[in-house]
Amino acid sequence: MNERLAAIRQEIMNGIEERATSRATAFELRKQFMDSKTGKIGQLMKEMKSIAPEERAAFGKSVNELKEWAMQQFAELDEKMKAKELELRYEREKIDVTMPAEEKETGNLHPITQVRNQIIDVFAGMGFEVFEPKEIENDYYNFTALNTPKDHPARDMQDTFYLSTEFLLATQTSAAQIHAMETKNIPIKMLAPGKVFRSDDDATHSPMFHQMEGLVVDKKITLCDLKGMLDVFVQKIYGEGATTRLRPSYFPFTEPSVEVDVSCFECGGKGCKLCKGTGWIEILGGGIVNKKVLENCGINSDEYSGLAFGIGIERTAMLKYGINNIKLLFESDLRVLKQIDDN
Ligand code: DAH
């Protein structure tokens with residue numbers, strides 16, 4: 001009998017040595033010996049009944065000793081396996097804080113959005129509020145109310161996409177001027193960034209592009225106010241030294257109308273390729289709101305006057321970032337877009 005106990009003892013030692021590699025296998029091994037029903041030591045306990053009474057006490061003592069020894073062994077084994085697994089886990093989860101971080105690519109805003117936001121920032125700083133223009137307009141708001149009745153030659157300046165006899169795709173954000181004057185109280189200082197559409201397509205024109213309309217209506221508004229505001233605008237967008245020059249022009253909805261040039265920010269006015277040797281670059285149109293337009297909106301033109309301007313956002317972005325083809329702004333080529341990140 002003692003040999004049997006010694007064999008079990010040996011078996012446990014071998015098992016611990018050879019098979020217990022993890023907590024799970026150690027548990028299995030323990031079960032194999034200690035389980036009260038199926039375990040080898042458990043079985044010995046059951047055999048107690050069949051042992052001759054005079055040997056029973058000695059047998060019981062030996063089995064108990066074995067059992068206690070085995071429990072001790074398995075407890076130690078479990079501790080060892082726990083420590084081993086913890087170590088493995090530490091190894092696995094080890095973080096080397098000196099490793100260079102994996103580079104994460106972050107996107108940036110589209111150049112058109114960047115320039116749009118920059119322009120809004122400049123004018124918001126002068127007290128302008130943003131007003132959302134419509135993309136679908138009717139003839140009245142896009143043309144007639146802006147002093148461009150049917151048959152007016154100025155309608156030819158913009159090749160319009162008509163949706164029906166009444167509705168069209170907005171050709172200019174100027175229509176927002178009318179909506180603003182109809183719904184807002186004077187003084188008005190609004191900025192309307194929006195999409196406009198014209199049947200026009202070449203290196204500097206796209207059938208859809210973006211404009212930023214500006215409108216101020218108050219008492220005693222003059223061209224000086226327009227020039228003052230636009231000087232601030234060009235300094236913030238094109239650089240501190242930039243200034244503007246106003247040239248007479250024509251728009252039906254302003255009188256007088258001006259074409260606004262910025263001093264060339266590339267050569268500082270000496271003359272270069274960008275400004276075609278003139279020292280000036282045309283950037284936007286504007287003027288004093290035509291009295292007829294004020295009257296169309298029910299505003300007394302003897303008491304109030306206004307200034308208006310329209311900025312092409314693509315044109316501003318192209319000049320600012322040296323982009324020579326408008327298509328580059330619509331092709332979503334990341335190699336181009338990644339280079340422009342001013343935000
Ligand atoms: N709407 C004009 C265009 O699209 C731009 C413009 C010119 C807007 C003069 C204005 C303005 O508000 O006063 O060509």
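What you are looking at is a predicted structure, and each value in this text was computed from that prediction instead of being measured. Order of listing sets the numbers, starting from 1, for every ligand and every atom in it.
Using a 4.0 Å cut-off to heavy atoms of Ala308, the atoms of ligand 1 that qualify are 12 (O), 13 (O). Ligand-side atoms of ligand 1 in range of Gly287: 13 (O), range being under 4.0 angstrom from any heavy atom. Interface atoms of ligand 1 facing Thr254, defined by a heavy-atom separation under 4.0 Å, are 13 (O). Residue contact check: Phe251 has heavy atoms under 4.0 Å from atoms 7 (C), 9 (C) of ligand 1. Those atoms of ligand 1 that come under 4.0 Å of a heavy atom in Ser174, given as number and element, are 1 (N), 8 (C). Ligand-side atoms of ligand 1 in range of Gln172: 1 (N), 2 (C), 4 (O), range being under 4.0 angstrom from any heavy atom.
Here Phe309 has backbone heavy atoms under 4.0 Å from ligand 1, and that is the only part of it that gets that close.
By the 4.0 Å N-to-carboxylate-O rule, Lys189 lies too far from Asp218 to be salt-bridged with it.
Checking Glu85 against Tyr90 by side-chain atom types alone, no donor-acceptor pair falls below 3.5 Å.
At least one heavy atom of Arg198 sits closer than 4.0 Å to an atom of ligand 1.
Ring geometry for Phe233 against Tyr238 counts as perpendicular: the plane angle is over 60°, on a 0 to 90° scale with 30° as the lower cut.
In this structure, His179 has its ring center closer than 6.0 angstrom to the ring center of Tyr141.
Taking any N or O of Thr171, backbone or side chain, none lies under 3.5 Å from an N or O belonging to ligand 1.
The ring pair (Phe, Tyr, Trp, His ring centres under 6.0 Å) contacts involving residues 285-312 comprise Phe123-Phe309, where partners must be two or more places apart or lie in separate chains.
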